[in-house]
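Read the structure below first, then the notes.
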Amino acid sequence: MIDASRPIRVRFAPSPTGYLHVGGGRTALYNWLFARRYGGTFILRSDDTDRERSTDEFAADIIESMRWLGLDWDEGIEVGGPQPTYHQSERFARYQAVAHQLLADGRAYYSFASPEQLDTFRKEAQAAGLPPAYDGRFRVDADEAARRIAAGERAPIRFAVERPGVTEFADLVRGDMRFEHVQVDDFVILRSDGSPTYHLASTVDDVDFDISHVVRGEDLLSSTPKHILLTEAMGSARATYAHLPLLRGPDGAKLSKRHGHTSINSYRDAGFLAEALRNYLAILSWSPGDDEEIVSLADMADRFELTDVSKNPAVFDVTKLEWMNGVYIRELSGDGFVGRVRALVEADLGRELAGDDVRTLEEILPHVQERAKVLTEIPEQVRFLFGDITYDETSWDKVMRKDGADVAVAGASEALDQLSEWSIEAVEGALRAMLETHELSARKGLQPLRVAVTGSSISPPLFESIAALGRDRTLERLSAASAKLAEAM
RNA sequence: GGCCCCGUCGUCCAGCGGCCUAGGACGCCUGCCUUUCAAGCCGGUAACGCGGGUUCGAAUCCCGUCGGGGCCA
């Protein structure tokens with residue numbers, strides 16, 4: 001499968017016309033894995049021929065998202081390499097030169113067919129059930145073309161597809177592909193304004209950068225004959241192609257903005273770990289073979305095969321990503337977890353944490369780590385430790401209106417007040433004793449305390465929370481809750 | 001409309017002619033644990049789109065059909 005005569009060089013070539021999305025991230029990941037697996041070179045190129053829609057913000061996001069995912073590239077934008085540039089926008093002269101060379105070689109021609117002519121042709125072909133691919137029927141002879149161009153007329157350059165003919169190739173993912181040339185139109189390579197089309201720019205780059213394997217989305221599968229034809233017309237050896245199945249939304253259509261969050265950065269911001277997203281993306285269309293699903297990047301790079309990639313389009317399932325993220329969160333070391341979470345908590349609080357607050361955070365975090373799915377859900381769970389309490393109304397209504405709530409709160413206040421030592425064990429001992437004296441079940445007696453102390457019926461473990469909160473503030477909250485209960489009577 | 005691709009539990013993946021009364025994971029549903037929520041553990045639910053072939057034998061091969069998707073327009 002691997003052609004040893006040619007060094008392995010792959011590329012990921014996003015257009016900075018949007019944020020790097022998860023589908024692109026997966027394509028990048030597979031390219032990266034393939035390169036790492038076979039000791040190849042991974043190149044990051046910027047397909048920014050569309051100057052109107054390309055922005056610096058998107059360009060920066062692509063780089064940032066790639067780095068965040070941990071996908072480093074050996075050559076390309078930012079890092080450089082043997083090529084003077086990896087931006088298509090800076091290579092227009094080269095594309096124009098290739099187009100004119102093709103023209104000189106008779107492999108391309110100036111096309112004077114009007115949009116109306118083309119349109120009519122397509123409609124008629126379609127009505128007759130024939131391929132709607134433009135077959136060059138309005139092409140004028142070279143002399144006339146030269147005359148008209150010399151006279152100042154502007155026209156796009158089209159590639160002259162050989163007809164009849166057929167292009168075949170073995171796709172690493174899809175298998176043997178065969179396209180009859182009647183289905184391939186004489187496609188434009190250089191527009192009349194001198195700008196290259198995607199087909200030209202992308203192919204010229206792949207040739208110039210000596211790309212050995214083109215690994216990309218299935219949406220480009222039907223354009224592949226054009227790229228092969230162009231490559232060979234340039235006198236170069238074609239690359240090996242691998243077309244990855246598309247990612248879909250829950251409704252089955254190609255994953256897009258309307259399915260909600262699709263950008264890599266939105267997942268980062270939503271509290272997902274790069275290692276989780278990366279693992280999920282890898283597993284989405286590829287399997288390491290055994291029943292393992294949690295796989296490290298190194299392990300993936302050891303086992304990845306393009307020929308093992310699934311042909312089926314895959315639905316991007318956020319629920320499973322969340323589960324996987326939880327797994328990775330729990331795998332984090334305690335310090336690592338504090339490191340990732342601290343800034344989020346500080347942002348939520350609107351202030352920096354220092355001294356005792358840091359210790360408090362470190363105390364409670366292990367208990368929060370066990371139950372988190374995304375990092376962003378954490379600040380609200382620890383908020384009660386760092387500021388004034390706010391009661392969640394639903395929780396209050398559900399818990400504090402029940403019999404025994406007042407008894408429990410008062411009893412806890414008394415029990416904790418007398419405590420000589422303040423620790424999780426001491427707190428637990430005192431409260432359990434309190435439950436017994438008042439003949440309260442754990443559920444009935446402890447839930448009111450949870451609401452009184454944390455403000456919510458959902459919180460980190462109670463004894464740990466109280467221990468972390470400290471005696472003074474716990475007693476304060478208990479008496480505040482007592483007062484609030486009394487006033488409701 | 002033309003061409004191309006795909007079709008195993010709700011979702012993702014395994015399966016590459018017999019090991020399949022189809023396996024794993026997420027989800028969902030029980031139960032256990034339990035101070036809440038999670039996590040963890042136990043068990044369960046659920047699929048080879050359909051129809052023809054080929055073969056001693058098909059989820060696996062072939063044909064058709066239906067369905068979904070992509071590209072071009």
Side-chain angles (χ1 to χ4, degrees), chain A residues 115 118-119 121-134 171 173-175 177-185 187 217-226 243-255 279-295 307-327 329-330 366-373 377 381 392 395 398-399 408 412 427-428 431-432 435 440-451 453-454 456-466:
Chain A
L118 261 15
D119 199 47
F121 163 76
R122 277 191 211 100
K123 280 187 177 138
E124 285 174 2
Q126 225 175 79
L130 296 168
Y134 174 55
D171 190 285
V173 175
R174 318 251 131 204
M177 293 291 112
R178 178 189 167 88
F179 290 86
E180 297 282 350
H181 289 184
V182 279
Q183 303 295 344
V184 184
D185 61 308
F187 55 102
E218 197 200 324
D219 49 345
L220 269 339
L221 184 60
S222 17
S223 302
T224 304
K226 296 177 181 172
H243 288 91
L244 309 175
L246 261 19
L247 255 34
R248 313 229 218 133
D251 63 349
K254 182 164 135 177
L255 193 69
N279 189 160
Y280 177 68
L281 251 17
I283 277 329
L284 205 44
S285 301
W286 170 74
S287 157
D290 50 23
D291 287 331
E292 293 292 302
E293 295 208 312
I294 302 294
V295 197
T307 45
D308 289 340
V309 171
S310 162
K311 297 180 177 71
N312 303 11
V315 173
F316 188 84
D317 179 11
V318 182
T319 308
K320 185 157 183 176
L321 207 210
E322 282 173 347
W323 161 76
M324 192 171 272
N325 202 52
V327 171
I329 285 180
R330 273 169 257 129
H367 310 290
V368 175
Q369 182 174 2
E370 285 172 33
R371 54 202 85 224
K373 275 193 160 68
E377 75 187 59
Q381 290 176 13
D392 170 63
S395 296
K398 194 171 67 187
V399 175
V427 168
E428 174 164 9
L431 292 180
R432 289 214 186 273
L435 292 179
L440 288 166
S441 65
R443 190 183 201 90
K444 274 196 119 171
L446 263 23
Q447 274 301 84
L449 307 184
R450 185 187 306 282
V451 174
V453 170
T454 72
S456 168
S457 60
I458 298 172
S459 81
L462 184 61
F463 308 131
E464 287 79 352
S465 295
I466 289 177

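Order of the sequence lines fixes the chain letters, A, B, ..., with proteins taken first and strands second; residue numbering starts at 1 for each chain. We use all heavy atoms of the structure for the numbers below, so side chains are in, but hydrogens, waters and symmetry mates are not.
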Inter-nucleotide C1' distance (B/C13, B/C48), Å rounded: 14 Å
Mate of B/C3 where both pairing distances stay under 3.5 Å, Watson-Crick or G-U: B/G70
hbond_proxy A/Glu370 side chain to B/G40 base (donor-acceptor, 3.5 Å cutoff): no
Span that lies between the P atom of B/G18 and that of B/G52, in whole angstrom: 23 Å
Atom-pair distance (CZ on A/Arg248; P on B/G67), nearest Å: 15 Å
Atom-pair distance (NZ on A/Lys398; P on B/C37), nearest Å: 8 Å
Distance between C1' atoms of B/U8 and B/G49 (Å, rounded): 11 Å
Closest to the A/Arg432 side chain, choosing from B/U36, B/C3, B/U35: B/U35
B/C42 to B/C32 separation - P atoms, rounded to the nearest Å: 15 Å
Sugar-phosphate, base or nothing in reach of A/Phe463, heavy atoms under 4.0 Å: base
Selection from B/G24, B/C5, B/C13 that lies nearest to any side-chain heavy atom of A/Glu218: B/C5
Stepwise side-chain contact (heavy atoms from CB on, under 4.5 Å) test for A/Phe463 and A/Arg432: CA-CA 10 Å; A/Phe463 308 131; A/Arg432 289 214 186 273; 3.7 Å; yes
Identified pairing partner of B/C33, criterion: Watson-Crick or G-U wobble below 3.5 Å: none
Heavy-atom pair with the smallest gap, counting every atom of A/His367 and A/Arg371: O-NE, 2.7 Å
Aromatic centroids of A/Phe187 and A/Tyr134 separated by under 6.0 Å: no
Closest nucleotide among B/C4, B/G1, B/C13 to the A/Met177 side chain: B/C4
Span that lies between the C1' atom of B/U34 and that of B/G40, in whole angstrom: 11 Å
Pairwise P distance, B/A59 and B/G2 [rounded to whole Å]: 34 Å
Selection from B/A39, B/U36, B/C6 that lies nearest to any side-chain heavy atom of A/Ile458: B/U36
Distance test, side-chain N/O of A/Arg330 to OP1/OP2 of B/G40, below 4.0 Å: yes
Nucleotide nearest A/Lys311 (side chain, heavy atoms from C-beta), chosen from B/C3, B/C6, B/U36: B/C6
A/Trp323 side chain, from C-beta outward: closest of B/A14, B/U35, B/G27: B/G27
Distance test, side-chain N/O of A/Arg443 to OP1/OP2 of B/U36, below 4.0 Å: yes
Spacing of A/Ile329 atom CD1 relative to B/C37 atom P, expressed in whole Å: 20 Å
P gap between B/G15 and B/C61, integer Å: 12 Å
Phosphate OP1/OP2 of B/C71 contacted by A/Lys254 side-chain N/O (<4.0 Å): yes
Shortest side-chain distance from A/Lys320, nucleotide among B/A38, B/G24, B/U35: B/G24
B/U30 and B/U45, which share atom name C1', separated by this distance in whole Å: 10 Å
Sugar-phosphate, base or nothing in reach of A/Ser459, heavy atoms under 4.0 Å: base
Length of the line joining A/Met324:CE and B/G27:P, which is rounded to integer Å: 11 Å
Watson-Crick or G-U wobble mate for B/A25, both contacts under 3.5 Å: B/U11
Heavy-atom closest contact (A/Glu293 atom, A/Ile283 atom, distance): O-CG1, 3.4 Å
Side chain of A/Leu221 - closest among B/C5, B/U35, B/C71: B/C5
Who pairs with B/U55 - Watson-Crick or G-U, where each distance is under 3.5 Å: none
Spacing between A/Phe187 atom CZ and B/G2 atom P, to the nearest angstrom: 24 Å
Sugar-phosphate only, base, or nothing, as touched by A/Pro245 at under 4.0 Å among non-hydrogen atoms: nothing
Nearest heavy atoms of A/Val173 and A/Val309, plus distance in Å: CG1-O, 3.9 Å
Candidate nucleotides B/G70, B/U11, B/G69, ranked by approach to the side chain of A/Val315 - the nearest: B/U11
Close side-chain approach of A/Glu464 to A/Val427, heavy-atom, < 4.5 Å: no
Separation of atom CD in A/Glu322 from atom C1' in B/U11, rounded to whole Å: 14 Å
Among B/U36, B/G40, B/G68, the nucleotide that comes nearest once only the side chain of A/Gln447 is considered: B/U36
Touch class at under 4.0 angstrom, heavy-atom based, for A/Pro131 against every strand present: sugar-phosphate
Sugar-phosphate, base or nothing in reach of A/Ser457, heavy atoms under 4.0 Å: base
Contact under 4.0 Å: A/Asn312 side-chain N or O vs B/C5 OP1/OP2: no
Residue closer to the 5' end of RNA chain B, A/Leu321 versus A/Asp251 (nearest nucleotide): A/Leu321
Main-chain N/O of A/Lys444 paired with A/Ser441 side-chain donor or acceptor, under 3.5 Å: yes
Along RNA chain B (nearest heavy atom to each residue), the more 5'-positioned of A/Ser223 and A/Ala125: A/Ala125
Euclidean distance, atom CG of residue A/Leu446 to atom P of B/C37 [Å, nearest integer]: 13 Å
Sugar-phosphate only, base, or nothing, as touched by A/Leu462 at under 4.0 Å among non-hydrogen atoms: base
A/Ser310 vs B/C13: side-chain N/O to OP1/OP2 distance below 4.0 Å: yes
Nearest atoms (heavy-atom pairs only) where A/Asn312 meets A/Pro245: O-CB, 3.1 Å
Pairing nucleotide - B/U65, Watson-Crick or G-U, each distance under 3.5 Å: B/G49
Separation of atom CD in A/Gln126 from atom C1' in B/C3, rounded to whole Å: 12 Å
Test item: A/Arg450 side-chain N/O and A/Leu446 main-chain N/O as donor-acceptor pair under 3.5 Å: no
